Student: 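Take a look at this one; I'll ask things after.
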Protein chains: 2
Amino acid sequence: MEKLDRQILSLLARDGRMSYTDIGKATGLSTSAAQQRVRKLEQRGVITGYRAMIAGDALGLMLTAFIEVKPFFAEQPDDTPELLSDIEQIVSCYSVAGEANYLLKVQVGSAAELEELLAVIRSKGRVSTHTTVVLSTPYEDRPVV
Amino acid sequence: MEKLDRQILSLLARDGRMSYTDIGKATGLSTSAAQQRVRKLEQRGVITGYRAMIAGDALGLMLTAFIEVKPFFAEQPDDTPELLSDIEQIVSCYSVAGEANYLLKVQVGSAAELEELLAVIRSKGRVSTHTTVVLSTPYEDRPVV
DNA sequence: TCTGAAATTGTTTGTGG
DNA sequence: CCACAAACAATTTCAGA
């Protein structure tokens with residue numbers, strides 16, 4: 001990975017709407033050279049997309065939790081991610097080493113909704129759960145580049 | 001939260017670079033009305049920023065892990081997030097209820113680097129750790145809106 | 001809050017080094 | 001892989017409903 005590309009990634013990781021003109025100015029490239037490099041980073045799958053970050057509380061999503069899940073029937077083929085993928089409160093799903101098989105990050109409006117969600121996950125996913133409630137988030141999703 | 005605003009958030013959560021012109025077309029608003037609403041969502045702190053999403057492996061970050069941390073000296077004022085905030089491999093820090101005080105999400109290049117990182121976190125943060133390694137990520141950071 | 005128009009700025013594409 | 005320039009498109013601002 002070239003230095004110039006890393007620099008562009010760093011800029012776009014911090015401001016996903018930065019213009020090619022400004023990327024060019026910041027890197028010493030022309031607008032079109034900057035645009036070409038960004039396009040190639042997208043095509044090569046280095047940049048996988050652009051997102052607006054949204055404050056959950058503005059949407060009434062005031063409770064975040066991590067849920068470790070373990071299938072009841074360990075011998076069967078494990079399709080837990082697919083079984084749970086249409087539950088929109090689950091924002092992330094990680095397959096993990098350790099006691100649990102999967103770690104889910106979920107976002108809900110209330111404790112009552114979390115209780116309901118856990119029931120759905122357990123029945124739908126045929127899993128047992130262990131939940132860790134998030135009290136606050138000092139920082140999240142800092143750019144890695 | 002108005003329906004029109006939710007619609008705009010949904011669009012920008014999926015494509016953070018969508019133009020105001022296209023947001024206008026998708027919502028039935030004029031370009032300038034779409035832009036005004038986005039600006040207000042930003043000012044009100046509903047939209048907290050824009051990010052390019054970057055594939056970690058393209059940067060040589062092939063190992064993700066979650067680390068639960070617990071201070072050695074529970075009686076002291078707890079400034080763990082600040083103590084650790086300059087460690088760039090830590091991408092997220094959650095204060096949690098349960099056995100641990102904090103849950104960290106980290107991204108590193110190798111197992112050796114994770115080992116080194118754990119040593120840094122333990123000494124710098126004066127904490128004990130419990131680590132869960134991520135094997136794969138079926139999905140992550142799906143839009144909540 | 002919205003539209004519509006005008007001025008500015010950014011994007012995209014082609015040519016050529 | 002780059003710069004430059006021309007054609008095109010988006011953004012920004014403002015007047016007025």
Side-chain angles (χ1 to χ4, degrees), chain A residues 1-62 109 140-145, chain B residues 1-62 88 107 109 140-145:
Chain A
M1 172 81 32
E2 208 180 323
K3 187 189 166 193
L4 223 38
D5 283 332
R6 283 195 86 96
Q7 203 179 337
I8 289 171
L9 290 177
S10 172
L11 292 167
L12 284 173
R14 287 170 175 78
D15 177 8
R17 280 182 86 86
M18 192 172 188
S19 73
Y20 302 128
T21 306
D22 287 345
I23 294 171
K25 281 176 189 162
T27 55
L29 290 169
S30 68
T31 301
S32 45
Q35 190 219 24
Q36 275 178 46
R37 279 183 178 265
V38 172
R39 190 156 39 81
K40 281 180 187 163
L41 288 167
E42 290 167 354
Q43 286 170 351
R44 283 162 46 202
V46 178
I47 295 175
T48 60
Y50 299 89
R51 292 274 165 88
M53 295 178 301
I54 292 161
D57 10 348
L59 300 170
L61 297 169
M62 268 124 42
E140 187 172 28
D141 294 332
R142 302 196 298 185
V144 287
V145 57
Chain B
M1 170 81 33
E2 208 180 324
K3 187 190 165 193
L4 223 39
D5 283 332
R6 283 195 86 96
Q7 203 178 338
I8 290 172
L9 290 177
S10 172
L11 292 166
L12 284 173
R14 287 170 175 77
D15 177 8
R17 280 184 87 86
M18 192 171 188
S19 74
Y20 302 128
T21 307
D22 287 345
I23 294 171
K25 282 176 191 164
T27 54
L29 290 169
S30 69
T31 300
S32 43
Q35 190 219 24
Q36 278 177 45
R37 279 184 179 264
V38 171
R39 189 158 38 81
K40 280 181 188 163
L41 287 167
E42 290 166 355
Q43 285 171 349
R44 285 162 44 202
V46 179
I47 295 175
T48 59
Y50 300 90
R51 292 275 165 90
M53 294 178 301
I54 292 161
D57 9 351
L59 301 169
L61 298 169
M62 267 122 43
E88 60 181 8
Q107 233 166 331
E140 188 172 28
D141 295 331
R142 302 195 298 186
V144 287
V145 60

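Computed from a predicted model, the values in this text were never measured in an experiment. Quick note on labels: first sequence line is chain A, next is B, and so on, each numbered from 1.
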Student: D:dC2 C1' sits how many Å from A:Ile8 CD1, rounded?
Tutor: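 Distance, rounded to whole Å: 13 Å.
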Student: Short question: side chain of A:Arg142, backbone of B:Glu88 - any donor-acceptor pair under 3.5 Å?
Tutor: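 Checking the backbone N and O of B:Glu88 against the side chain of A:Arg142, no donor-acceptor pair under 3.5 Å is found.
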Student: To the nearest 0.5 Å, what is the distance between CG on B:Leu9 and CD on B:Glu2?
Tutor: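 So the CG of B:Leu9 and the CD of B:Glu2 are separated by 11.5 Å.
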Student: Could you check whether B:Ser10 and B:Arg14, counting side-chain N and O atoms only, form a donor-acceptor pair closer than 3.5 Å?
Tutor: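 Yes - a donor-acceptor pair under 3.5 Å links their side chains.
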Student: Would you tabulate the nitrogen or oxygen pairs shorter than 3.5 Å linking the protein to nucleotides 7-11 of chain C?
Tutor:
from: C:dT11; atom 1: OP2; to: A:Tyr20; atom 2: N; distance (Å): 2.8
from: C:dT11; atom 1: OP2; to: A:Thr21; atom 2: N; distance (Å): 3.2
from: C:dT11; atom 1: OP2; to: A:Thr21; atom 2: OG1; distance (Å): 3.4

Student: Can you tell me how far the OG1 atom of A:Thr48 sits from the CZ atom of A:Arg44, to the nearest 0.5 Å?
Tutor: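 With rounding to 0.5 Å, OG1 (A:Thr48) is 13.5 Å from CZ (A:Arg44).
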Student: Just so I know, are the side chains of B:Leu11 and B:Thr27 near enough to count as touching, which here means a heavy-atom distance under 4.5 Å?
Tutor: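 In contact.
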Student: Taking B:Arg51 for the side chain and A:Asp141 for the main chain, is one N or O donor matched with an acceptor at less than 3.5 Å?
Tutor: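 Pair found, side chain donor or acceptor close to backbone of A:Asp141.
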Student: Verify the neighbour count for atom CD of A:Glu42: are there more than 12 heavy atoms of other residues, nucleotides or ligands below 6.0 Å?
Tutor: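 More than 12 heavy atoms, drawn from other residues, nucleotides or ligands, come within 6.0 Å of this atom.
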Student: Report yes if a side-chain nitrogen or oxygen of A:Arg39 is closer than 4.0 Å to either non-bridging phosphate oxygen (OP1 or OP2) of C:dT12; otherwise report no.
Tutor: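 Answer is no, no contact under 4.0 Å.
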Student: Roughly how far, to the nearest 0.5 Å, is the CG atom of B:Leu4 from the CZ atom of B:Arg37?
Tutor: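 That separation rounds to 4.5 Å.
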Student: Report yes or no: does B:Arg17 contribute a side-chain atom to a donor-acceptor pair with the main-chain N or O of A:Met18 at less than 3.5 Å?
Tutor: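 Yes, the answer is positive, given that a donor and an acceptor are paired below the 3.5 Å cut-off.
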Student: Whole angstroms only, please: what is the NZ-P distance between B:Lys40 and C:dT1?
Tutor: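 Whole-Å distance recorded here is 4 Å.
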Student: Which nucleotide in the list C:dC2, D:dC1, C:dT3 gets nearest to the side chain of B:Arg37?
Tutor: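 Of the candidates, C:dC2 comes closest.
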Student: Return the value, rounded to whole Å, for the distance between atom CG of B:Leu12 and atom P of D:dT11.
Tutor: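 Between P of D:dT11 and CG of B:Leu12: 11 Å.
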Student: Is it the case that the side chain of A:Thr31 and the backbone of A:Tyr20 share a donor-acceptor pair, with hydrogens and angles ignored and the cut-off at 3.5 Å?
Tutor: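 No, A:Thr31 side chain to A:Tyr20 backbone: no donor-acceptor pair under 3.5 Å.
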Student: Rounded to whole Å, please give me the gap between CD1 in B:Ile23 and P in D:dT11.
Tutor: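 After rounding, the reported distance stands at 8 Å.
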Student: Take the C1' atoms of the five end pairs on each side of the helix from C:dT1-D:dA17 to C:dG17-D:dC1, get both axes, and report the angle to 10 degrees.
Tutor: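 The angle, to the nearest 10 degrees, is 30°.
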Student: Using a cut-off of 4.0 Å on non-hydrogen atoms, how would the nucleic acid contact of B:Gly24 be classed: base, sugar-phosphate, or nothing?
Tutor: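 The residue B:Gly24 makes no contact with any strand.
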Student: Please tell me if the side chains of B:Arg6 and A:Leu59 come closer than 4.5 Å, counting only heavy atoms from C-beta onward.
Tutor: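 A side-chain contact exists here, since the closest heavy-atom pair is under 4.5 Å.
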Student: Tabulated below should be each protein N or O lying under 3.5 Å from an N or O of nucleotides 14-17 of chain C; please produce it.
Tutor:
none

Student: Measure from CD on A:Glu2 to P on D:dC1 and round the result to the nearest Å.
Tutor: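 Rounded to whole Å, this separation is 8 Å.
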